[in-house]
Every structure is written in C-alpha cells, then in structure tokens.
Amino acid sequence: MNKRDKGKWELIRSAGKVSAERIVPEHIQKPPYYFKHMAAGNTLGTPEIKNEEQLKHMRSSGKLAAQILRECGNMAKMGITTDEIDDFAHNRILAHNAYPSPLRYAGFPKSVCTSINNVACHGIPDDRQLVEGDIINIDVTVYQNGFHGDCSETFLVGDVDERGRFLVDSTRECLRNCIALCAPGVPFNEIGKCIQRFCDKHKLESVAAFIGHGIGSYFHGPPEIYHYDNDDPGVMQTGMTFTIEPILSLGGGDVGLLEDGWTAVSMDDSRSAQFEHTILITKTGVEILTSAD
C-alpha cells in the first residue's frame, strides 16, 4: 500500500454486482441521451452566458441536487450498500419530477456515482456494503425543467482514521478556497493554481485527469476547469455557470479504470476525496447554486 497512506481501510480491487437499470416514468422530462446513446458533452468552445430565466432553473435544479446529496450522505452508514443509496436517490429525484442526470449519460448505468476509498470518481453503485473506516464520495446531478445541477461530497463511514479525516477535511477546504477566488475577470487558470498551492502546502496530489466543466441545459460543456497549475486562456464572466470539483489524493495522482470502463482507481492504491459545487459568476463575485441551505 502507498507509503503516504498507511491508515486502516479496505481497498477496492474490483467492481461488485450491479442491479438492473431503474425505471423512469413516462411523465418525467428526460435529457436527449436517455433516448439514444450519445458521447459525453463537448467541453471545448465559448462558455454560455445565462439569462435570468435560465438561472432561475439552474438555481432550482442546483438546490434539489444539494438536498438529495445531503439525504444520501445521511444514508452512508455501515451495512448500507451503494446500490441502496442509488435506489434512494433515484426515487427521491423522481418524486421531485426531475431526472437523475448520470443515468444513461454516455452509457453510465446508474443514477448517482459512489466512489469509495481508492476509487477517485465515477464508481458505479453495487452490492458492496459500506464498512467501518470507509470514505465515500457521492455525486448527485439532477435534470429539472431542462437544466442540470451537479454536486458531490465525501462522507465518513463510522470511525475513519486520522489520515482519512485529514484528506476529507483538506479537500473540502480546497474547494472552498477555489470558490472564494471566483469573480468576473478572474482567469479560469487561477483555480488550478490555487489547487496546486494547496496541494503543495498539505502534501497532497491532485488527480489531474478529471476536470470541472460548464453546465446548463447540457450536463458537460465549456469552460474546462483544470484542477492543476496551468496557463490555459479564458476569464470568468458574469452569467457563467460551471463546476469546480477537485479530487485530492494521499498518494499519487495517476488513475486507471476497472473492468466496468467507468470506475477510476488510484494506480498506487491510495485514497482520494472529492467535493464539488456548481457555481454562478455574479456581477460582484460568485454564488453557489448547489447549496442545500
């Protein structure tokens, strides 16, 4: 096991058993990729500037995603399977006349992502029960009234060791620092620079393979938000909405995929944590759209 992550926790080596796709009733508004297989959205190009009507729906979908995420987090207890969390989230989202955005997106088979311990992201909910010492990221995105709201958080299961708690607390703080610097005229690359400084100070590593992204009526679009030091062009403008979603590791930042083609695991068996918000650039600064409060 990685020498920088010596805590007591269970390594995820393979995917578990995945249940059948959950049903979405006829009356629920569905995104285009529900009806035919489509590749993931293109994140290159000019970021969209949202109008007030669009932002009204973005605030609604963002708040719902945050509420569902909080409820899922309350379920993250020993003995609960990630499939049970997915089932709960699926039905709660439908109850609000919304659609669980991950379902069928680029072929993803479930309604949320659940990533445990050494799984960096895109874990598929399955029959594995949560055990003492797990850390689990739950990523919830909802599609409501034609707009997506996307957020995630890493939760502690039972008594998590000191390094695991440090990782989770640090990643939460890193996202908070990134959001605080956002405002009109700020280069997008300041987010990556902020994350790099934070990692250097706390002896953590950013998992650079995964980025933040624009979001709206589309799940993924421009701009691309890199979570490492970069010189990419582009500046934030009032009316832009995008996600910031750093994944920080106690070991190295390299990942590989399990046999399911989705579950990204650390190459050195180290744990990672992730936190994510959808944000709006306002005239005076920034607004978190995925706040449950």
Side-chain angles (χ1 to χ4, degrees), residues 1-16 73 76 78 82 113-126 128-139 151-178 189 191-213 224-230 243-277:
M1 191 169 292
N2 186 275
K3 64 182 181 180
R4 288 164 62 185
D5 191 1
K6 296 181 178 179
K8 183 180 178 182
W9 53 280
E10 185 174 291
L11 185 69
I12 306 298
R13 296 187 182 276
S14 60
M78 289 179 287
T82 50
C113 299
T114 52
S115 304
I116 300 169
N117 296 339
N118 57 301
V119 177
C121 64
H122 300 159
I124 299 174
D126 59 25
R128 181 191 182 275
Q129 292 184 343
L130 296 177
V131 300
E132 180 96 37
D134 280 344
I135 61 172
I136 175 173
N137 176 271
I138 304 175
D139 193 331
C151 54
S152 86
E153 183 171 345
T154 301
F155 301 94
L156 309 178
V157 180
D159 185 18
V160 174
D161 67 284
E162 184 274 333
R163 289 294 284 165
R165 295 195 306 272
F166 167 78
L167 172 66
V168 172
D169 290 342
S170 296
T171 310
R172 182 189 296 108
E173 180 185 354
C174 182
L175 174 60
R176 190 180 302 127
N177 292 351
C178 291
N189 62 35
I191 294 172
K193 295 178 190 300
C194 176
I195 293 170
Q196 191 65 58
R197 289 192 300 269
F198 187 92
C199 287
D200 291 345
K201 178 180 178 181
H202 294 84
K203 295 182 170 56
L204 296 168
E205 190 81 23
S206 177
V207 178
F210 301 100
I211 64 174
H213 52 87
E224 294 186 331
I225 305 298
Y226 298 114
H227 299 127
Y228 55 88
D229 193 1
N230 69 92
T243 70
I244 306 175
E245 43 188 299
I247 305 172
L248 303 189
S249 170
L250 287 170
D254 293 334
V255 294
L257 294 181
L258 293 185
E259 63 274 12
D260 59 25
W262 280 101
T263 306
V265 297
S266 61
M267 296 300 290
D268 61 4
D269 293 344
S270 58
R271 286 174 293 181
S272 59
Q274 182 180 30
F275 285 78
E276 173 186 12
H277 274 305

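Everything numeric in this text was worked out from a predicted model, so none of it was measured. Residue numbers count from 1 along this sequence.
The CG atom of Asp260 lies 9.0 Å from the CG atom of Asp126; values are rounded to the nearest 0.5 Å. Taking OG1 from Thr154 and CG from Leu248, the interatomic distance works out to 9.5 Å, rounded to the nearest 0.5 Å. Atom CZ of residue Arg176 and atom CD1 of residue Ile244 lie 13.0 Å apart, to the nearest 0.5 angstrom. Rounding to the nearest 0.5 angstrom, the gap separating the CD atom in Glu162 from the CG atom in Leu167 is 10.5 Å. Of the inter-residue distances, the one linking Cys194 atom SG with Tyr228 atom OH reads 16.0 Å to the nearest 0.5 angstrom.
Remark: Gln196 engages Asp200 in a side chain to side chain donor-acceptor pair (under 3.5 Å) (not counting sequence neighbours).
Screening Val168, Val160, Ile138 for a side chain to side chain contact (heavy atoms under 4.5 Å, CB included) involving Phe155 leaves a single residue, Ile138. A side chain to side chain contact (heavy atoms under 4.5 Å, CB included) with Pro246 holds for exactly one of Ile191, Leu204, Ile211, Ile195; it is Ile195. Of the candidates Ser206, Ser170, Cys174, Ser249, Cys199 forms a side chain to side chain contact (heavy atoms under 4.5 Å, CB included) with just one, namely Ser206.
Counting all heavy atoms, side chain and backbone alike, Pro125 lies closest to Gly123 at CD-O, 3.6 Å. Minimum heavy-atom separation, Lys8 to Asp161: O-OD1, 3.8 Å. The minimum heavy-atom distance linking Ala76 with Leu130 is given by the pair CA-CD1, 3.8 Å. Contact between Arg165 and Asp159 at its shortest, heavy atoms only, is NH1-OD1, 4.3 Å. Scanning both residues, Ser272 and Ala120, for their nearest heavy atoms gives OG-CA, 3.2 Å. Listed here is the closest heavy atom pair of Val207 and Gly253: CG1-O, 3.6 Å.
The closest donor-acceptor contact from the side chain of Thr171 to the backbone of Phe275 lies at 3.5 Å or more, if one exists at all. At distances below 3.5 Å, not a single donor-acceptor pair connects side-chain atoms of Asp139 with backbone N or O atoms of Cys113. A donor-acceptor pair is defined here as one N or O able to donate and one able to accept, closer than 3.5 Å; such a pair exists between the side chain of Lys193 and the backbone of Asn230. With Ser266 contributing its side chain and Arg271 its backbone, the two residues share no donor-acceptor pair below 3.5 Å.
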> Going through the checks in order, is the side chain to side chain contact (heavy atoms under 4.5 Å, CB included) test met by Asp254 and Asp268?
Replying inline: CA-CA 8 Å; Asp254 293 334; Asp268 61 4; over 6 Å; no
> Can Phe198 and Glu173 be said to form a side chain to side chain contact (heavy atoms under 4.5 Å, CB included), step by step?
Replying inline: CA-CA 9 Å; Phe198 187 92; Glu173 180 185 354; 3.7 Å; yes
>> Does Thr243 form a side chain to side chain contact (heavy atoms under 4.5 Å, CB included) with Ile225? I'd like the steps, not just the answer.
In response: CA-CA 8 Å; Thr243 70; Ile225 305 298; 5.9 Å; no
>> For Thr263 and Leu257: C-alpha separation, side-chain torsions, deciding distance, then whether side chain to side chain contact (heavy atoms under 4.5 Å, CB included) applies.
In response: CA-CA 5 Å; Thr263 306; Leu257 294 181; over 6 Å; no
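Here the side chains of Asn117 and Asp134 are in contact, with some heavy-atom distance below 4.5 Å. The shortest side-chain heavy-atom distance between Lys201 and Arg197 does not fall under the 4.5 Å cut-off. Side-chain contact check for Ser115 versus Gln274: every heavy-atom pair is 4.5 Å or farther apart. Arg128 is listed as a side-chain neighbour of Ile12, based on a closest heavy-atom distance under 4.5 Å. In this structure, the side chains of Thr114 and Ile136 come closer than 4.5 Å at one or more pairs of heavy atoms. With a 4.5 Å cut-off on side-chain heavy atoms, Trp9 and Asn118 count as touching.
Between His202 and Phe166, the ring planes lie tilted relative to each other; the angle falls in the 30° to 60° range.
No donor-acceptor contact under 3.5 angstrom links the side chains of His227 and Glu245, judged on distance only.
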